[in-house]
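Lettering follows sequence order; numbering is per chain, from 1.
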2 protein chains.
Amino acid sequence: MTTKTKKGVETLPLNTVLGGDCIEVMNGLPEGSVDLIFADPPYNLQLRGDLHRPDNSQVDAVDDAWDQFASFEVYDRFTRDWLKAARRLLKPNGAIWVIGSYHNIFRVGAALQDAGFWILNDVVWRKSNPMPNFRGKRLTNAHETLIWASRDEAAKYTFNYEALKSLNEGIQMRSDWVLPICTGHERLKDEHGDKAHPTQKPESLLHRVLLGTTNPGDVVLDPFFGTGTTGAVARMLGREFIGIEREAAYRKVAEKRLASVRKYDRAALEVSTSKRAEPRVPFGQLIERGMLRPGEELLSMNGRHKAKLRADGTLVGDDVKGSIHQVGAALEGAPSCNGWTYWCIKRDGKPVSIDVFRQQIRAEMAERAN
Amino acid sequence: MTTKTKKGVETLPLNTVLGGDCIEVMNGLPEGSVDLIFADPPYNLQLRGDLHRPDNSQVDAVDDAWDQFASFEVYDRFTRDWLKAARRLLKPNGAIWVIGSYHNIFRVGAALQDAGFWILNDVVWRKSNPMPNFRGKRLTNAHETLIWASRDEAAKYTFNYEALKSLNEGIQMRSDWVLPICTGHERLKDEHGDKAHPTQKPESLLHRVLLGTTNPGDVVLDPFFGTGTTGAVARMLGREFIGIEREAAYRKVAEKRLASVRKYDRAALEVSTSKRAEPRVPFGQLIERGMLRPGEELLSMNGRHKAKLRADGTLVGDDVKGSIHQVGAALEGAPSCNGWTYWCIKRDGKPVSIDVFRQQIRAEMAERAN
DNA sequence: TTCCCCGCTGAATCTTTGA
DNA sequence: GTCAAAGATTCAGCGGGGA
């Protein structure tokens with residue numbers, strides 16, 4: 001355990017995991033001693049019954065006691081209390097990150113503002129591999145929200161603009177981050193081979209946060225430490241951490257993990273910036289963007305078939321409905337068909353391949369990336 | 001101006017733009033008369049003296065914590081008031097969309113929950129062409145947030161799952177939508193050639209919202225109508241709208257715009273539907289119609305099980321009797337089973353899904369209805 | 001060794017109807 | 001109101017095992 005002397009009197013328990021209630025523990029630490037706080041508080045999911053996948057397997061839900069709150073009021077009080085304790089710990093130029101979902105993030109965001117924090121950005125973590133919506137009743141919940149806020153409006157917060165720009169292949173980093181969820185070998189298991197924690201965050205996410213908004217040697221506090229992703233990435237990046245975790249089982253996992261962390265283990269982290277193939281453009285976007293109009297007629301390139309366009313991007317031909325690919329295949333009696341190159345539309349009296357519109361969208365996307 | 005009689009007493013001013021304060025106007029409309037509300041409220045331009053009270057008086061500029069809190073209070077009161085009026089207007093199965101940025105969306109989201117709305121998704125509009133952050137002091141603010149919520153937890157909200165899935169090339173629609181901001185010819189100009197409204201939303205955004213969460217003929221209300229994007233897209237998609245806008249200049253622009261909107265034709269507005277929307281066909285009908293014969297043997301799709309068909313439409317398998325669903329579930333040891341897609345039968349030596357026969361019956365029913 | 005196929009899983013506010 | 005039964009519903013990625 002490292003300690004750090006502040007004004008020759010108080011010390012900070014650096015690079016350790018503290019047990020106990022995070023509010024009490026925070027109140028026992030010296031005021032104005034922390035550069036950054038990263039917090040992943042309970043989301044207050046309000047789950048009702050069981051959920052099964054279409055293949056009848058059961059979804060392992062987050063049903064832990066620590067995520068249960070009696071009411072919004074109780075949750076709000078909890079939020080205000082830990083935010084107050086957290087804000088006291090921050091240095092004048094300190095900042096905070098909080099992550100959440102629609103269940104809790106609006107309440108947390110409002111509480112942050114009420115407590116005097118100054119929101120700098122909200123950041124969307126777009127999951128490349130989210131869990132689908134199995135019952136088809138809502139949109140796939142494919143993102144979580146992070147709020148980045150300084151201690152107050154006057155704070156001169158840390159922002160490593162160039163570092164994030166480099167991380168993003170020379171393009172200014174945006175407020176939406178596409179990163180995969182934590183799976184595979186990175187996902188920590190308990191002695192039974194089950195996941196050690198229901199909501200372990202990926203190191204890539206913390207890497208981006210800490211690289212962008214702290215400097216080497218900074219002190220990062222995580223009041224909901226869990227399996228210690230914040231601490232692990234902090235150590236890799238040469239930052240100091242303080243972890244607080246109530247559950248002894250999680251502390252144990254975190255301590256084991258931290259014991260084997262090596263500083264600057266970059267290779268394992270840089271996974272998310274790989275080159276993509278040409279971006280997929282859903283055909284429906286051509287309608288949403290007004291390039292094609294519902295009700296218009298598409299013609300096949302060979303001139304033998306036609307089909308009518310609907311508002312949801314499906315086609316209706318002779319006795320067939322479906323995607324541009326399905327209808328093309330059916331009309332040709334073929335097993336498959338590339339609708340993009342099969343269909344065209346009259347523009348100024350001349351047939352224009354619909355692929356032209358896709359290329360237009362891709363060109364816009366590419367231009368913006370430069 | 002179209003009007004719609006409700007219970008023979010009250011009428012709705014459909015497809016018009018109403019002037020005045022949105023709360024007063026909403027309170028003058030009949031309760032439970034609207035299917036969907038789309039709201040793009042003021043974003044609370046933070047604490048710079050730009051905040052107006054509902055009565056149009058200006059809030060003093062402030063720079064200390066005490067007054068900051070007071071400003072948020074004013075915005076919160078405004079939010080609670082218009083949400084209350086909006087909720088009163090919704091039908092029991094109605095829903096609301098609200099769009100905002102980090103300046104206001106957390107307060108709006110919390111107010112929605114406090115008012116009894118039930119959040120269904122938060123949706124991120126990921127702008128493909130956002131304004132860069134010129135000073136390099138923060139992340140490029142590249143998204144806005146929409147909240148989709150039903151009137152209450154019990155509401156049977158409208159969600160056209162298959163239509164949105166079609167729009168997205170056959171993959172279920174996610175909570176992050178990549179769409180360009182409103183520019184070019186779509187961006188309305190005033191008589192001086194300047195943009196007519198500072199925050200005009202793209203039609204593509206409303207297209208997706210209205211296609212996904214309303215049906216043709218539904219009434220859509222927009223209490224902050226602006227230049228009328230909601231109304232324009234509603235008309236194109238065969239929905240009715242009610243717009244409320246305080247500023248006469250915006251109303252004028254909106255009315256001109258709406259006068260030239262064309263509705264897509266009827267066939268283009270029919271969208272892909274899920275099986276849930278199809279009529280229910282009792283399995284016994286397949287026997288009554290002679291498609292299947294009592295005594296025949298059904299095979300499971302995976303080839304592992306078989307069962308014998310009885311005259312009443314029940315199956316008998318190894319130690320199990322019951323409906324096609326019950327026997328399928330029992331044989332697979334699963335909590336449930338869709339017998340329609342689980343079982344097949346030999347026809348001309350080949351296995352044919354029993355769902356094919358159901359589709360035949362449904363096709364006949366549809367034909368007869370025309 | 002490589003490749004393919006199959007099984008498993010992830011912060012989830014996840015059904016509808018009729019008796 | 002309750003309860004039981006019908007029946008609708010999934011995407012990306014990892015890893016293990018077999019060809």
Enquirer: Verify the contact: side-chain N or O of A:K137 to OP1 or OP2 of C:dT16, cut-off strictly under 4.0 Å; return yes or no.
Expert: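 Yes, such a contact exists.
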Enquirer: Could you check whether B:Q326 gets within reach of a base, just the sugar-phosphate, or nothing at all, counting any heavy atom under 4.0 Å?
Expert: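 The residue B:Q326 makes sugar-phosphate contact but no base contact.
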Enquirer: With a 3.5 Å cut-off and heavy atoms only, can you find an N or O donor on one side and an acceptor on the other between the side chain of B:S336 and the base of D:dA8?
Expert: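 Per atom types, the contact qualifies.
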Enquirer: Determine the contact category for A:T183: base if any of its heavy atoms lies under 4.0 Å from a base atom, sugar-phosphate if only primed atoms, P, OP1 or OP2 are that close, otherwise nothing.
Expert: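 The answer is sugar-phosphate, as A:T183 gets under 4.0 Å only of primed atoms, P, OP1 or OP2.
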Enquirer: Does CZ in A:R257 sit with more than 12 non-hydrogen atoms of other residues, nucleotides or ligands closer than 6.0 Å?
Expert: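 Atom CZ in A:R257 is crowded, with more than 12 foreign heavy atoms closer than 6.0 Å.
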Enquirer: Compare side-chain N and O positions of A:R135 against OP1 and OP2 of C:dT15 and report whether any pair is under 4.0 Å apart.
Expert: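 Answer is yes, contact under 4.0 Å.
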Enquirer: For B:D319, does the CG atom have more than 12 heavy-atom neighbours from other residues, nucleotides or ligands under 6.0 Å away?
Expert: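 Incorrect, the count does not exceed 12.
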Enquirer: Less than 4.5 Å apart, side chain to side chain, heavy atoms only: is that true for A:D222 and A:F241?
Expert: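 They are not in side-chain contact.
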Enquirer: If the cut-off is 4.0 Å, is A:K195 near the phosphate of C:dG10, judged by side-chain N/O to OP1 or OP2?
Expert: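 Checking C:dG10 against A:K195, a side-chain N or O does come within under 4.0 Å of OP1 or OP2.
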Enquirer: Which listed nucleotide (C:dT13, C:dA11, C:dG10) is nearest to the side chain of A:R53?
Expert: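 Looking only at heavy atoms from C-beta outward on A:R53, the closest nucleotide is C:dG10.
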Enquirer: For C:dT13, decide between syn and anti, treating a glycosidic angle within 90° of 0 as syn.
Expert: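 In terms of base orientation relative to the sugar, C:dT13 is syn.
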Enquirer: Can you check whether A:F134 stacks with the C:dC14 base, using ring centres under 5.5 Å and planes within 30°?
Expert: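 Answer is no, no stack.
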Enquirer: Within residues 300-311 of chain B, find the residues that approach DNA chain C with a heavy atom at under 4.0 Å, and present them sorted by residue number.
Expert: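 Those residues whose heavy atoms fall under 4.0 Å from DNA chain C, taken from residues 300-311 of chain B, amount to none.
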Enquirer: Give a yes/no on whether any side-chain N or O of B:H325 is located under 4.0 angstrom from OP1 or OP2 of D:dG7.
Expert: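 True: B:H325 side-chain N/O within range (under 4.0 Å) of D:dG7 OP1/OP2.
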Enquirer: Would you say the ring centroid of A:H207 lies under 6.0 angstrom from that of A:W177?
Expert: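 Ring centroids of A:H207 and A:W177 are no less than 6.0 Å from each other.
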Enquirer: With sugar-phosphate meaning primed atoms plus P, OP1 and OP2, does A:P41 contact a base, only sugar-phosphate, or nothing at under 4.0 Å between heavy atoms?
Expert: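 Base, at least one base atom sits under 4.0 Å.
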Enquirer: Counting just side-chain N and O atoms, does A:H185 come under 4.0 Å of either OP1 or OP2 of D:dG15?
Expert: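 Yes, because at least one side-chain N or O of A:H185 sits under 4.0 Å from OP1 or OP2 of D:dG15.
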Enquirer: Heavy atoms from C-beta onward define the side chain here; which of D:dA8, D:dG7, C:dA11 lies closest to that of B:R280?
Expert: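 The listed nucleotide nearest to B:R280's side chain is D:dG7.
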Enquirer: Answer yes if the ring centres of B:Y157 and B:W148 are under 6.0 angstrom apart, and no otherwise.
Expert: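 Distance test on ring centres: under 6.0 Å, yes.
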Enquirer: Other residues, nucleotides and ligands only: do more than 12 of their heavy atoms fall within 6.0 Å of NZ on A:K189?
Expert: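 Atom NZ in A:K189 is packed in, count exceeds 12.
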Enquirer: Please answer whether the main-chain N or O of B:Q359 pairs with a side-chain N or O of B:E278 as donor and acceptor at a distance below 3.5 Å.
Expert: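 Flag not set: sc B:E278 to bb B:Q359 has no pair under 3.5 Å.
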Enquirer: Say you pick atom P in C:dT17 and the same atom in D:dT9; how far apart are they, in whole Å?
Expert: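 Each nucleotide's P atom is 13 Å from the other's.
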Enquirer: When the C1' atoms of C:dT13 and D:dA6 are considered, how many whole Å apart are they?
Expert: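 One C1' to the other, the span is 25 Å.
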Enquirer: Nearest-Å distance, NE2 (A:H143) to C1' (C:dG10)?
Expert: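 The distance from NE2 of A:H143 to C1' of C:dG10 comes to 16 Å, rounded to the nearest Å.
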Enquirer: Heavy atoms under 4.0 Å, any strand shown: does A:T140 hit a base, just sugar-phosphate, or nothing?
Expert: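 Nothing, no heavy atom under 4.0 Å.
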Enquirer: Between C:dT13, D:dG7, C:dA11, which one does the side chain of A:V62 approach most closely?
Expert: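 Nearest nucleotide to the side chain: C:dA11.
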Enquirer: So what does B:I119 touch, heavy atoms closer than 4.0 Å: a base, only the sugar-phosphate, or nothing?
Expert: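 Base contact.
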Enquirer: Within this structure, what is the OG-CD1 distance for the pair B:S166 and A:I324, rounded to the nearest 0.5 Å?
Expert: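 Spacing of OG (B:S166) from CD1 (A:I324) equals 11.5 Å.
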Enquirer: Answer with yes or no after comparing the ring centroid distance for A:H103 and A:Y43 against a 6.0 Å cut-off, counting only values under it.
Expert: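 No.
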Enquirer: Which part of the nucleic acid, if any, lies within reach of A:G49 when heavy atoms closer than 4.0 Å are counted: base, sugar-phosphate only, or nothing?
Expert: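 Base, at least one base heavy atom under 4.0 Å.
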Enquirer: Starting at atom CD1 of B:I147, determine the distance to atom C1' of C:dT13, rounded to an integer number of angstrom.
Expert: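 Computing the B:I147:CD1 to C:dT13:C1' distance gives 14 Å.
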Enquirer: Say you pick atom C1' in C:dT1 and the same atom in D:dG16; how far apart are they, in whole Å?
Expert: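 Those two atoms are separated by 16 Å.
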Enquirer: For a quick check of understanding: with a heavy-atom distance under 4.0 Å over all strands, which category does B:R174 fall into, base, sugar-phosphate or nothing?
Expert: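 Here B:R174 touches no strand at all.
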Enquirer: So what does B:T341 touch, heavy atoms closer than 4.0 Å: a base, only the sugar-phosphate, or nothing?
Expert: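 The residue B:T341 makes no contact with any strand.
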Enquirer: Just to be sure I understand the rule, does B:Y161 reach a base, reach only the sugar-phosphate, or reach nothing, if contact means heavy atoms closer than 4.0 Å?
Expert: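 Sugar-phosphate contact only - B:Y161 comes under 4.0 Å of backbone atoms but never of a base.
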Enquirer: Counting any heavy atom closer than 4.0 Å, what does A:N133 reach on the DNA or RNA strands: base, sugar-phosphate only, or nothing?
Expert: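 Touches a base.
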Enquirer: Map A:W66 and B:E153 onto DNA chain C by nearest heavy atom, then report which one ends up closer to the 5' terminus.
Expert: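 The 5'-side residue here is A:W66.
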Enquirer: Please give, in whole Å, the distance from C:dG10 C1' to A:L51 CG?
Expert: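 From A:L51 CG to C:dG10 C1': 12 Å.
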Enquirer: Could you give the distance separating C:dA12 and D:dA5 at their C1' atoms, to the nearest angstrom?
Expert: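 Their C1' atoms lie roughly 25 Å apart.
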Enquirer: Nearest-Å distance, CG (A:N141) to C1' (C:dA12)?
Expert: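 My rounded result for the distance is 7 Å.
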Enquirer: Run A:E191 and A:K252 through salt bridge (charged side-chain N to carboxylate O under 4.0 Å, His left out) and show every step you take.
Expert: CA-CA 12 Å; A:E191 56 272 18; A:K252 194 175 157 192; 5.8 Å; no
Enquirer: Name the residue closer to the 5' end of DNA chain D, choosing between B:C337 and A:S128 according to the nucleotide with the nearest heavy atom.
Expert: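 Going by which nucleotide is closer to the 5' end, it is B:C337.
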Enquirer: Looking at the base of C:dA11, is there any donor atom on it, or on the side chain of A:K127, that sits under 3.5 Å from an acceptor on the other one?
Expert: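 In this structure, the two groups form no donor-acceptor pair.
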Enquirer: Under 4.0 Å between a side-chain N/O of B:S323 and OP1 or OP2 of D:dA6, yes or no?
Expert: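 For D:dA6, OP1/OP2 do have a side-chain N/O of B:S323 under 4.0 Å.
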Enquirer: Between A:R107 and A:F72, is NZ or CZ placed under 6.0 angstrom from the six-membered ring centre and within 45° of the ring axis?
Expert: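 Yes - A:R107 lies over the ring of A:F72, closer than 6.0 Å to its centre and within 45° of its axis.
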Enquirer: Return no unless some side-chain N or O of B:Y342 is found under 4.0 Å from OP1 or OP2 of D:dT9.
Expert: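 B:Y342 to D:dT9 OP1/OP2: no side-chain N or O under 4.0 Å.
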Enquirer: Starting at CZ of A:R138 and ending at P of D:dT9, how long is that distance when rounded to a whole Å?
Expert: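 Spelled out: CZ on A:R138 to P on D:dT9 is 17 Å.
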Enquirer: If I take atom CD in residue B:Q285 and atom C1' in nucleotide D:dA6, what distance separates them, rounded to the nearest angstrom?
Expert: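 Atom CD in B:Q285 sits about 15 Å away from atom C1' in D:dA6.
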Enquirer: Roughly, in whole Å, what's the span from CG in B:L315 to P in D:dA6?
Expert: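 Value for this atom pair: 11 Å.
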Enquirer: Among C:dT13, C:dA11, D:dA6, which is the nearest nucleotide to the side chain of A:F72?
Expert: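 Comparing C:dT13, C:dA11, D:dA6 against the side chain of A:F72, the answer is C:dT13.
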Enquirer: Which base, if any, makes a Watson-Crick or G-U wobble pair with C:dT16, both distances under 3.5 Å?
Expert: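 Because both required distances fall under 3.5 Å, C:dT16 counts as paired with D:dA5.
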Enquirer: Rounded to whole Å, please give me the gap between CG in A:D55 and P in D:dA8.
Expert: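 Rounded to whole Å, this separation is 17 Å.
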Enquirer: Could you check which nucleotide pairs with C:dT2 in any of the strands shown, counting Watson-Crick or G-U wobble with both distances under 3.5 Å?
Expert: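 Across any shown strand, C:dT2 pairs with D:dA19.
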Enquirer: What nucleotide, of C:dG10, C:dA12, D:dA6, holds the atom closest to the side chain of A:P132?
Expert: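 The answer is C:dG10.
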Enquirer: With heavy atoms under 4.0 Å as the rule, sort B:K165 into base, sugar-phosphate or nothing.
Expert: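 Here B:K165 touches the backbone only, sparing every base.
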Enquirer: Using the side-chain heavy atoms of A:D40, tell me which of these nucleotides is nearest: C:dT13, D:dA8, C:dA11.
Expert: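 Of all the options, the side chain of A:D40 is nearest to C:dA11.
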Enquirer: When we call it a touch if two heavy atoms are under 4.0 Å apart, what does A:N44 touch: a base, just sugar-phosphate, or nothing?
Expert: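 No contact.
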Enquirer: At their closest point, which heavy atom of A:G226 faces which heavy atom of A:A254, and how far apart are they?
Expert: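 Answer, listing the atom of A:G226 first, then A:A254: O-CB, 3.7 Å.
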Enquirer: So what does B:R276 hit on the nucleic acid, given a heavy-atom distance under 4.0 Å: a base, only sugar-phosphate, or nothing?
Expert: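 Sugar-phosphate only.
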Enquirer: Please report the distance separating the C1' of D:dG7 from the corresponding atom of C:dC14, rounded so that it comes out in whole Å.
Expert: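 After rounding to an integer number of Å, I get 15 Å for this pair.
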